[in-house]
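This report concerns only the one structure given below.
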Amino acid sequence: MNDELVREQRSCEESVSPKTAPTAAAASMTLASAALESHSMAVQSGGGAGASAGASMGSVHQATTSGGQSGSEGAGASSAQKTQQQQLSPPPQLNANDMREMRDIKQLLWGDNVREDVFRRWSQGFEFSDAEPSALVQKQGGPCAVIAPVQAYLLKIIIMEMPGVKLSEISSDKCQNLLIQALCNILKNCRAPRYRIVHLLRRRGIASEAGPTKERSPPSASSPSDGDAAGSGSEEAAAAAAAAAAAAAGVELAAEATPASVKDLCQEPDPETMGDLSPDEFHDRLHTLHFDDISGVARYYIQNYDQLAHTYGVLLFMYSVFLTKGSEQVAADISDTSEPLIHSTYGYGAQSLINLMLTGRAVAHVWDNEQDVGGLKLRGICEQSDIGFITLMEQMRYCTVGSFFKNPRYPVWVMGSDTHLTVLFSNEKRLVSPETPSETGRRIFKSYDPEGNNFISTTMLREVLAELNLVSEPAYVSLMQKRLDPENLGIILLNAFMDEFFPLERRSTPDTFELRHYNGIPGSNENNKVRFYCGSAILLEGDLKSICTSNPMVTCLQTKWPNIEINWHDTHMPSLN
């Protein structure tokens, strides 16, 4: 049996030409977009599926052999074919470090045991709605913690890069490209030195079937090519020694599959072998691919789009984000790892999971920066996010959402209810324009009024003025306290404060604008068809607001715009659940 495994390993080694290490420079999202764009152009020009993928892919990892470097005459058609296979996809691998981190990530996400019913709810691919080309469908409760942020980033790209486009007229191919761009956006937010993409094999790979063996690093350009006898012998000796040492130390090492096995094991998933895996079977088939730039990730997803669309696409991407970020960094962000990030009974994702998808940091809170709670430093959002977050839970006083989440860089917000996540977006870019001085003053004043009473204690005035970089000398503060509280009631009204310090208030937010809403659950949409719903919003004068507990949508919107009213264009009222 051992002789057969050695022969199998030797045949795999001889079928792969040596490769150079990939470039170390991290590519910008522009490169990823260019890769996607070139893929679209190739498809539109009428080339076959394989030709278009090859044209757009280029090489993910730069592949070369010593024979190719020297221009040797012995290179035939079969050698060129091997080189082309190498260019199409780097080999999946699961080295000792990846295996350890994957076990840690599994523990962070699921806890000690993965419940079968919860795992089933999360087992779905990225699938678009028949009624709305760019709207993702969520089949069951739970994975909204991943699907809603991905949908938000996809809409952000449409708003910023495709102004004026009709959402209903975006082609299917373009929507797939937009999805890949959105995923690359989220991965790039992790700010990691390299991207580690989790890949599902059609059947158990070499590591699972043949036991642990040594992972091979890409050889240098001067290494012997195509199975040089001396090189092969030394590699086998090193592999055997490493395997023996690993076994003695109790360390698992996984084998590196060949590009040919990638094509055989990964492409065109077989529903019979991949459609109904147990949690253990799923985790046994996971391998990783490493990329040094985001354009390589984009090319990989172009070539292996089925990995996103099949039954486990959402899970694979979530694991890729966690592994790219690093299990230790995720655990450090979370601080308290006693509870799994996916609820063991209901299957919903914790706030740390949502924050990781939105910002690249798995912190557990939604306020700005850190807050001292009973001597504990609890970390929140440290900078303005690309995508915002507002939640009904704030109106219920369960949390306080900070300015970084309420005022993102782009007019897209993930909306949270007590059970689900949806997405709010608008083409009105002035909704996220820089704050005017009066808006800054209003925001800081209200940060000292957490209950939304529109007044603060007179004793807080000095702190408010200091935070606004206004005069805060004791004598001046005492004078202003008497002026703003002439009846000596001990409170200062918001309107009196604004009239005194910002008499020429000019609001950058328009008085009227359109909002659109997305809910990925078919049952929460009219006729069970996932689509976007549009409404006309108006910001009323003054600071009074009406709380309508029977309309959670308006109540949630009022945590961002306290005096908003909205009329939806359709008879169907969008749902947060």
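Heavy atoms only: backbone and side chains are in, while hydrogens, waters and symmetry mates are out. Bear in mind that the values here come from a model prediction, so they are computed numbers and not experimental data.
The backbone N or O of Ser134 lies less than 3.5 Å from no partner atom in the side chain of Glu132, so there is not a single donor-acceptor pair. Looking at Glu526, its side chain never comes within 3.5 Å of a backbone N or O of His572 through a donor-acceptor pair. Using modelled atom types, one side-chain atom of Asp449 and one backbone atom of Asn454 make a donor-acceptor pair closer than 3.5 Å. Side chain of Ser478 to backbone of Ala475: no donor-acceptor contact under 3.5 angstrom is found. In this structure a side-chain-to-backbone donor-acceptor pair under 3.5 Å is present from Arg121 to Gly141. Without hydrogens or angle criteria, Ser123 side chain to Tyr312 main chain gives no donor-acceptor distance under 3.5 Å. With hydrogens and angles ignored, the 3.5 Å screen pairs a side-chain donor or acceptor of Asp485 with a backbone N or O of Gly490.
Between Val412 and Leu424, every side-chain heavy-atom pair lies at or beyond the 4.5 Å cut-off. Pro408 is not listed as a side-chain neighbour of Ile387, based on a closest heavy-atom distance of 4.5 Å or more. In this structure the side chain of Phe126 never reaches within 4.5 angstrom of the side chain of Leu316, judged on heavy atoms. Residues Phe128 and Leu179 form a side-chain contact, since some pair of their non-hydrogen atoms from C-beta on lies under 4.5 Å apart. Between Leu468 and Thr440 the shortest side-chain heavy-atom distance falls below 4.5 Å. Within the 4.5 Å cutoff, the side chain of Asp333 has no heavy atoms near those of the Ser352 side chain. Looking at heavy atoms from C-beta onward, Gln395 lies out of side-chain contact with Gln558 at the 4.5 angstrom threshold. Contact annotation: the side chain of Phe405 approaches that of Leu358 to within less than 4.5 Å [non-hydrogen atoms, C-beta and beyond].
Here CZ of Arg196 is found 4.0 Å from CD of Glu101. Values are rounded to the nearest 0.5 Å. Atom-to-atom distance recorded for Leu484:CG and Leu479:CG is 9.0 Å, nearest 0.5 angstrom. Separation of atoms CD (Glu473) and CE (Met480) is listed at 14.5 Å; rounding is to 0.5 Å. In this structure, OG1 in Thr311 is found 11.0 Å from CG in Asp306, a value given to the nearest 0.5 Å. Atoms OH and OG1, from Tyr195 and Thr324 in turn, are 8.0 Å apart once rounded to the nearest 0.5 Å. The distance from the CE atom of Met460 to the CZ atom of Phe455 is 10.0 Å, given to the nearest 0.5 Å.
The aromatic ring centres of Trp122 and Phe282 sit 6.0 Å or more apart.
The aromatic rings of Phe445 and Phe497 lie tilted to each other, with the angle between the two planes from 30° to 60°. A parallel orientation is assigned to the rings of Trp367 and His365, their planes being inclined by less than 30° (bins at 30° and 60°). Using cut-offs of 30° and 60° for the angle between ring planes, the Tyr348 and Tyr346 rings count as parallel. Between Phe291 and Tyr300, the two ring planes are tilted [angle within 30° to 60°]. The aromatic rings of Phe532 and Phe425 sit perpendicular, their planes meeting at an angle over 60°, well past the 30° parallel limit.
Within 6.0 Å of CG on Asp117 lie more than 12 heavy atoms contributed by other residues, nucleotides or ligands.
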Could you go through the side chain to side chain contact (heavy atoms under 4.5 Å, CB included) check for Thr422 and Gln151 one step at a time? CA-CA 9 Å; Thr422 58; Gln151 180 72 66; over 6 Å; no

